[in-house]
Amino acid sequence: QVQLVESGGGLVQAGGSLRLSCAASRRAFSSYAMGWFRQAPGKERDFVAGISWSGSSGTTYYADSVKGRFTISTDNAKNTVYLQMNSLKPEDTAVYYCAARFGYGYYYEATDFNSWGQGTQVTVSS
């Protein structure tokens, strides 16, 4: 497994931006699929964005609700994955989690991942 630590959450007004970071304990990229999930109070943990590797090339994919507004990216030298969130809406309010699993596929379910960060709160005010 990989240890993951998120940072970058906070309070922002609707229309604003935040960038979340997820630092991995070791070099995980190119062998591990990475993902971002979010969980609002009383709701399930939902997929937000992911990155799948084929060799050194990563392919990003997104939930429809964030497509065009959020961007997942990695800095392999820093063992860090980012989630840039723009045009934030109140419905984006949730605890955001970084996740990892060994593999090269496209994974959309929380049960597909076996390494998780502690989560970081994102609150978007209207």
Side-chain angles (χ1 to χ4, degrees):
Q1 289 190 345
V2 180
Q3 280 69 53
L4 304 169
V5 178
E6 301 102 334
S7 61
L11 173 64
V12 64
Q13 288 188 332
S17 298
L18 280 175
R19 189 178 78 160
L20 306 183
S21 300
C22 173
S25 59
R26 61 179 178 86
R27 182 176 177 82
F29 312 135
S30 82
S31 297
Y32 280 74
M34 305 295 296
W36 285 97
F37 287 74
R38 66 187 181 187
Q39 188 167 19
K43 295 189 176 181
E44 294 185 349
R45 191 170 295 189
D46 291 331
F47 171 79
V48 174
I51 186 164
S52 176
W53 295 97
S54 177
S56 60
S57 177
T59 300
T60 59
Y61 54 106
Y62 301 91
D64 288 342
S65 58
V66 306
K67 202 171 292 182
R69 299 189 297 123
F70 292 10
T71 302
I72 185 173
S73 62
T74 63
D75 183 335
N76 291 1
K78 297 182 178 179
N79 292 345
T80 300
V81 60
Y82 302 99
L83 185 68
Q84 177 67 44
M85 305 185 295
N86 299 329
S87 302
L88 282 162
K89 304 175 181 179
E91 52 263 44
D92 295 319
T93 296
V95 177
Y96 282 71
Y97 296 90
C98 177
R101 62 154 291 157
F102 184 82
Y104 303 94
Y106 295 87
Y107 305 101
Y108 295 88
E109 301 295 329
T111 52
D112 290 333
F113 292 82
N114 58 9
S115 295
W116 292 89
Q118 82 285 358
T120 185
Q121 177 71 45
V122 171
T123 303
V124 183
S125 63
S126 58

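Please read these numbers as outputs of a predicted model, since none were measured by experiment.
Residues passing the salt bridge (charged side-chain N to carboxylate O under 4.0 Å, His left out) test with Lys67, sequence neighbours excluded: Asp64. Qualifying side-chain hydrogen bond (donor to acceptor under 3.5 Å, both in side chains) partners for Arg19, counting only residues two or more places apart in sequence or in other chains: none. Here Ala23 pairs with Thr80 under the side chain to side chain contact (heavy atoms under 4.5 Å, CB included) rule; sequence neighbours left out.
A donor-acceptor pair is defined here as one N or O able to donate and one able to accept, closer than 3.5 Å; no such pair exists between the side chain of Thr120 and the backbone of Tyr96. Between the Ser52 side chain and the Gly105 main chain, a donor and an acceptor come within less than 3.5 Å of each other. A donor-acceptor pair under 3.5 Å is absent between the side-chain atoms of Gln39 and the main chain of Ala94, judged by distance alone. Side-chain N or O atoms of Thr74 include none that pairs as donor or acceptor with a backbone N or O of Val81 at under 3.5 Å.
For CD of Glu91, the number of neighbouring non-hydrogen atoms (other residues, nucleotides, ligands) closer than 6.0 Å is greater than 12.
Residue pairs meeting the disulfide bond (SG atoms under 2.5 Å apart) criterion with at least one partner in residues 33-98, sequence neighbours excluded, are Cys22-Cys98.
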Intermediate values then yes/no, side-chain contact (heavy atoms from CB on, under 4.5 Å), Trp53 and Ser31: CA-CA 7 Å; Trp53 295 97; Ser31 297; over 6 Å; no
Worked verdict on Leu88 versus Phe70 for side-chain contact (heavy atoms from CB on, under 4.5 Å): CA-CA 9 Å; Leu88 282 162; Phe70 292 10; 3.8 Å; yes
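Trp116 forms part of a hydrophobic cluster together with Phe37, Phe47, Tyr61, Val95, Tyr97, Tyr106, Tyr107, Tyr108, Phe113, judged by ILVMFWY side-chain heavy-atom separations under 4.5 Å. Annotation for Val5: hydrophobic cluster partners, listed by chain and number, are none (ILVMFWY side-chain heavy atoms under 4.5 Å, direct or chained).
Between Asp92 and Met85 there is no side-chain heavy-atom pair separated by less than 4.5 Å. Looking at Glu6 and Gln118, their side chains come closer than 4.5 Å, going by heavy atoms from C-beta outward. Contact of the Thr93 side chain with the Gln121 side chain is registered, since non-hydrogen atoms from C-beta on lie closer than 4.5 Å. Within the 4.5 Å cutoff, no side-chain heavy atoms of Thr71 are placed close to those of Tyr82.
Scanning both residues, Ser17 and Gln84, for their nearest heavy atoms gives CB-NE2, 4.0 Å. The shortest heavy-atom contact between Leu4 and Met34 is CD2-CE, 4.1 Å.
The same ILVMFWY cluster, assembled from side-chain heavy atoms under 4.5 Å apart, contains both Val2 and Phe102.
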